[in-house]
Amino acid sequence: MLVTTSRDPSAKARRFGKALASFLSLPYLNRGKKAPREDETWLVVVEDHGNPRGLVKRSPEKEEHLAFRLSGEPGVGRQKRCVPVVTGAGPDALPIAQFFELEWAETSLSCPARTLAVASGRIDFIDEGEAKFRLKI
């Protein structure tokens with residue numbers, strides 16, 4: 001899986017795409033006019049009036065959508081490569097874990113390095129105990 005944006009993204013969408021890719025330990029691709037190969041899965045950052053407003057997961061089998069409102073400005077810079085774990089109650093967190101193709105744990109882990117903490121209506125992206133950004137879904 002890789003993260004990219006629309007063909008002509010705003011600066012905010014590009015920053016969010018790079019921050020999301022870094023957080024999820026996925027490659028980020030400056031898209032241009034490239035199209036996905038048949039065996040690739042892409043997370044495409046969708047924007048509305050220059051602001052990131054959703055993700056479209058495009059895979060050979062299907063296309064899934066996740067609409068959100070970004071709360072806070074994602075930090076810039078690379079993070080250590082670490083695959084996050086999704087935490088939270090099953091009805092809310094399990095679909096998010098499946099969307100991002102990540103492992104799910106119903107309760108908070110004792111010492112997770114990186115988590116997507118899912119609660120009713122939001123996803124907190126937490127790295128080593130520090131909230132990086134939040135998506136209101």
Side-chain angles (χ1 to χ4, degrees):
M1 187 179 331
L2 58 92
V3 178
T4 189
T5 57
S6 62
R7 287 190 176 181
D8 188 22
S10 67
K12 284 183 183 180
R14 259 192 320 271
R15 275 193 308 270
F16 173 72
K18 288 177 183 178
L20 181 66
S22 179
F23 189 89
L24 297 173
S25 295
L26 296 172
Y28 175 80
L29 175 70
N30 285 322
R31 182 168 163 195
K33 293 184 179 182
K34 296 176 185 167
R37 293 190 311 245
E38 290 184 22
D39 61 339
E40 287 182 322
T41 300
W42 286 18
L43 282 179
V44 181
V45 177
V46 180
E47 59 185 303
D48 181 34
H49 299 302
N51 294 310
R53 290 288 185 224
L55 292 170
V56 176
K57 180 181 173 185
R58 293 190 176 134
S59 64
E61 302 86 38
K62 60 184 172 180
E63 186 171 292
E64 299 175 68
H65 301 268
L66 176 67
F68 61 82
R69 194 171 81 235
L70 181 62
S71 178
E73 187 69 27
V76 293
R78 293 186 172 229
Q79 297 176 346
K80 294 185 289 183
R81 290 194 63 80
C82 176
V83 178
V85 175
V86 176
T87 62
D92 294 328
L94 192 54
I96 300 300
Q98 291 170 344
F99 182 83
F100 287 110
E101 298 179 3
L102 296 172
E103 202 174 308
W104 169 63
E106 189 166 5
T107 58
S108 291
L109 303 173
S110 59
C111 187
R114 192 170 295 161
T115 60
L116 274 74
V118 180
S120 181
R122 72 173 198 256
I123 305 170
D124 292 314
F125 289 73
I126 302 169
D127 187 29
E128 296 181 359
E130 181 185 343
K132 295 296 184 179
F133 55 95
R134 173 181 286 173
L135 302 181
K136 295 179 181 176
I137 51 176

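Below, each value reflects all heavy atoms present in this structure, side chains not excepted, and no hydrogens, waters or symmetry copies.
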Keeping [X] on the side-chain end and [Y] on the backbone end, is there a donor-acceptor pair under 3.5 Å?
X	Y	result
Ser25	Cys82	yes
Arg14	Pro9	yes
Ser10	Gly50	yes

[Y] side chain reached by [X] side chain, heavy atoms, under 4.5 Å:
X	Y	answer
Leu70	Pro52	yes
Phe100	Leu66	yes
Met1	Leu26	yes
Phe133	Glu73	no
Glu128	Arg114	no
Phe16	Thr5	no
Glu47	His49	no
Thr4	Asn30	no

Can you confirm whether more than 12 heavy atoms, excluding those of [X], are under 6.0 Å from its [atom1] atom?
X	atom1	result
Glu101	CD	yes
Lys57	NZ	yes
Asp8	CG	no

[atom1]/[X] to [atom2]/[Y] distance, rounded to the nearest 0.5 angstrom?
X	Y	atom1	atom2	answer
Leu102	Ile96	CG	CD1	10.5 Å
Asp92	Arg122	CG	CZ	10.5 Å
Leu116	Leu24	CG	CG	6.5 Å

State, to 0.1 Å, how close [X] and [Y] come at their nearest heavy-atom pair, and which atoms those are.
X	Y	value
Ala117	Ile126	CB-CD1, 3.9 Å
Val44	Ser6	CG1-N, 4.3 Å
Gly90	Pro95	O-CD, 3.7 Å
Trp104	Ala97	CB-CB, 3.8 Å

